[in-house]
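Okay, structure first, notes after.
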Amino acid sequence: MHYNPDWREAVHAGSPSLPGNRKRAFLNSFLEAEAFQSPWFSSRFTVSLWVERGPASVFYAGKVTCCTMLSCNICGETVTSEPDMKTHLLIVHMENEVTCPFCKLSDCNQPLYDCPMCGLICTNYHILQEHVDLHLEESNFGQGMDRVQCSRDLELAQQLQQEEDRKRRSEESRQEMEEFQNLQRQYGLNNSGGYKQQQLRNMEIEVNRGRMHPSEFHRRKADMMESLAIGIDDGKTKTSGIMEALYRYYQNAATDVRRVWLSTVVDHFQSSFGDKGWGCGYRNFQMLLSSLLQNDAYDDCLKGMSVPCIPKIQSMIEDAWKEGFDPQGASQLNNRLQGTKAWIGACEVYTLLTSLRIKCRIIDFHKSTGPLGTHPRLFEWILSYYSSEREGSPKVLFTSKPPIYLQHQGHSQTVVGIEERKNRTLCLLVFDPGCPSREMQKLLKQDMEASSVKQLRKFVGNLKHKQYQIVAVEGVLSSEEKIARRQASQVFTAEKIP
């Protein structure tokens with residue numbers, strides 16, 4: 001067998017075209033098949049073997065001389081024959097470089113298969129397939145464990161969410177109950193007693209604090225029990241004569257006022273120990289009724305009536321509900337007012353007046369009609385109510401119109417007149433049940449001061465609540481009109497402005 005020169009060139013070039021194990025197998029095959037059997041090996045010819053070792057490309061060279069003694073150029077060892085040199089080169093210098101890592105043969109030509117998952121090299125496709133199957137089984141097992149863990153995590157998360165939802169619902173329920181109880185207390189529906197119980201309790205507190213003598217306590221208690229028995233207000237908080245005093249004041253003073261209209265005569269009623277904090281609606285009804293009782297136009301429907309005490313007013317509203325007036329409002333207040341501190345508003349005042357055959361209107365100024373949340377339309381309506389003629393009338397006019405019940409969120413007052421000032425602005429005159437009687441009595445002095453009237457004045461900029469409702473009396477109802485209005489109150493509606 002002859003030596004192929006192309007093989008020699010490949011050997012001298014370091015066999016760059018043959019990768020890794022294939023290169024080593026090639027060199028080994030060359031040594032076995034050609035190099036040591038070639039006539040080119042003689043004492044005058046040297047073969048250089050370039051072997052690439054690892055990534056650093058370190059090269060080793062060996063010279064083989066055909067003579068009696070053969071010397072290894074790598075380590076200098078000498079041998080006596082070519083087979084010995086071959087054995088020396090293979091065992092000492094090239095064993096770890098050219099043997100196959102799979103089959104340990106130097107002339108391995110079988111295909112190699114890389115594992116796509118871990119990079120392991122296999123010589124057999126079936127072995128590779130089994131190897132990959134192991135990867136997949138391991139992956140499936142891991143995924144199964146992950147699914148189990150995910151299921152447990154999901155279950156735990158659901159339990160935590162359910163617990164959180166339960167706590168949130170419990171807290172919301174607690175807050176709702178607390179708010180409901182606060183509203184019940186605020187509107188007097190918490191079964192804590194009514195006018196009588198509060199009056200006695202507050203008088204006892206005054207005695208304990210030394211602000212009321214025990215004898216005064218017993219005297220007031222006796223007066224209260226008598227008042228409750230006959231259903232008539234005892235007049236302890238009433239101040240009369242204010243409207244007449246205002247008429248005199250505007251005639252002789254108030255130079256900055258162009259014109260003023262006053263309602264019919266009305267008494268002021270202050271809240272007392274028994275209704276402080278919740279009785280303003282009842283006290284304003286007493287003011288309105290006090291005016292109607294002094295107006296001959298209403299004698300027919302109010303004959304023999306006096307200003308009732310608060311528990312009596314509660315009883316009268318309950319009677320109106322029993323007649324069929326405002327069933328929705330009755331339901332909201334559990335059809336019961338007596339023995340409670342329940343607030344009343346424009347609807348209850350309208351219901352009570354209508355049940356007495358007093359013709360009235362309830363008007364809802366449900367949103368602001370001016371800048372900065374003001375209600376100029378409210379002032380204009382009240383001016384139109386009181387003034388039938390704006391020009392040519394005297395500066396101060398006592399009208400035949402009753403006072404107006406004025407309600408806003410949390411409080412109510414009674415409008416007893418309106419001023420038109422020289423700068424054409426409007427100002428309401430109001431009686432507030434929260435104003436103490438001693439302050440109202442200052443208006444009765446002959447030399448009334450402007451500062452005393454100041455507490456009655458409400459300019460446009462003073463009324464900035466979101467919503468106001470008024471109840472305005474306009475006359476007397478016939479029996480047929482009363483029945484019609486009772487029927488209309490089944491679905492209670494108010495006139496809206498705007």
Side-chain angles (χ1 to χ4, degrees), residues 220 223 227 232-257 259-276 279-299 302 304-310 313 349 358 382 385-387 393-406 412-420 427-458 472-473:
R220 288 195 182 190
D223 291 342
S227 172
I232 298 176
D233 188 83
D234 58 13
K236 293 289 196 305
T237 67
K238 181 177 76 171
T239 302
S240 301
I242 299 176
M243 300 304 295
E244 295 87 346
L246 287 174
Y247 182 84
R248 293 191 299 268
Y249 169 78
Y250 282 112
Q251 280 188 323
N252 302 321
T255 57
D256 55 344
V257 175
R259 189 170 287 115
V260 60
W261 292 266
L262 299 175
S263 73
T264 53
V265 175
V266 55
D267 298 328
H268 177 266
F269 286 81
Q270 175 198 350
S271 295
S272 66
F273 284 135
D275 61 285
K276 187 176 182 180
C280 59
Y282 301 96
R283 294 299 183 180
N284 284 302
F285 174 78
Q286 288 179 328
M287 295 186 206
L288 178 54
L289 189 60
S290 73
S291 178
L292 298 178
L293 289 172
Q294 299 178 69
N295 190 330
D296 295 339
Y298 299 93
D299 284 347
L302 300 177
M305 182 179 292
S306 300
V307 175
C309 62
I310 288 179
I313 297 174
V349 171
I358 296 174
I382 293 175
Y385 172 80
Y386 279 120
S387 63
S393 58
K395 176 183 177 181
V396 187
L397 179 64
F398 247 135
T399 72
S400 61
K401 298 294 183 68
I404 297 172
Y405 179 94
L406 175 64
S412 60
Q413 297 169 312
T414 298
V415 180
V416 299
I418 185 168
E419 295 177 346
E420 182 184 51
C427 177
L428 300 181
L429 299 174
V430 301
F431 283 0
D432 190 334
C435 183
S437 296
R438 64 178 179 275
E439 295 296 326
M440 298 299 293
Q441 289 168 4
K442 292 179 181 179
L443 297 169
L444 303 178
K445 295 180 179 179
Q446 292 293 329
D447 54 345
M448 183 193 304
E449 299 179 358
S451 58
S452 300
V453 181
K454 184 178 180 180
Q455 63 184 331
L456 305 181
R457 289 185 170 126
K458 298 294 179 184
V473 174

Atom pairs and distances, side-chain donor-acceptor, residues 439-448, under 3.5 Å, sequence neighbours left out:
from, atom 1, to, atom 2, distance (Å)
Glu439, OE1, Lys442, NZ, 3.2
Glu439, OE2, Lys442, NZ, 3.4

Value for CD (Glu449) from OH (Tyr249), rounded to nearest 0.5 Å, stands at 10.0 Å

The reported gap from OG in Ser306 to CG in Leu293 (rounded to nearest 0.5 angstrom) is 7.0 Å

Residue pairs meeting salt bridge (Lys or Arg N to Asp or Glu O under 4.0 Å), one or both in residues 280-291, sequence neighbours left out, come to Asp233-Arg283, Asp275-Arg283

Neighbour count >12 (heavy atoms, 6.0 Å) for atom CD, Gln251: yes

So the side chain to side chain donor-acceptor pair (under 3.5 Å) pairs with at least one residue in residues 394-404 (sequence neighbours excluded) are none

Which of Leu429, Ile418, Leu397, Leu246 passes side chain to side chain contact (heavy atoms under 4.5 Å, CB included) with Val260? It is Leu429

Note to self: Apply side chain to side chain contact (heavy atoms under 4.5 Å, CB included) to residues Val415 and Tyr385 and explain how you reach the verdict.
What the structure shows: CA-CA 11 Å; Val415 180; Tyr385 172 80; over 6 Å; no

Residues at least two apart in sequence or cross-chain that pass side-chain hydrogen bond (donor to acceptor under 3.5 Å, both in side chains) with Gln455, listed by chain then number, are none

Quick one: does any side-chain atom of Ser291 pair with a main-chain N or O of Val266 as donor and acceptor, under 3.5 Å? no

For Ser412 and Leu406, indicate whether the former's side chain and the latter's backbone hold a donor-acceptor pair under 3.5 Å. no

Q.
Determine whether Tyr405 and Met287 satisfy the following criterion, side chain to side chain contact (heavy atoms under 4.5 Å, CB included), listing intermediate values before the conclusion.
A. CA-CA 9 Å; Tyr405 179 94; Met287 295 186 206; over 6 Å; no

Between the CG atom in Leu428 and the NZ atom in Lys458, the distance rounded to the nearest 0.5 Å is 9.5 Å

request  = Assign the ring pair Tyr247 / Phe398 to parallel, tilted or perpendicular, where the plane angle (0 to 90°) is split at 30° and 60°.
outcome  = parallel

* Asked: Counting distance only, does the side-chain N/O of Asp432 pair as donor-acceptor with the main-chain N or O of Gln413 below 3.5 Å?
  -> no

CG of Leu288 to OG of Ser263, rounded to nearest 0.5 Å, is 9.5 Å

d(Arg248 CZ, Met243 CE) to nearest 0.5 Å is 12.0 Å

Hey, does the side chain of Ser437 reach the backbone of Thr237 with a donor-acceptor pair shorter than 3.5 angstrom? yes

Rounded to the nearest 0.5 Å, the CG atom of Leu292 sits from the OH atom of Tyr298 at a distance of 6.0 Å

**OP:** Taking the side chain as every heavy atom from C-beta outward, state whether Val396 and Leu262 have any atom pair closer than 4.5 Å.
**Re:** yes

By ring-ring contact (aromatic ring centres under 6.0 Å, His included), Tyr282 pairs with (sequence neighbours left out) Trp278

Hits for side chain to side chain contact (heavy atoms under 4.5 Å, CB included) against Asp267, two or more places apart or cross-chain, chain-then-number order -> Lys238, Ser240, Phe269, Ser290, Gln294

Without swapping roles, check the side chain of Gln270 against the backbone of Cys435 for a donor-acceptor pair under 3.5 Å. no

### Message
Less than 3.5 Å apart, any donor N or O on the side chain of Asn295 or Thr264 sitting next to an acceptor on the other?
### Response
no

### Side chains of Asn284 and Val349 in contact at under 4.5 Å (non-hydrogen atoms)
no

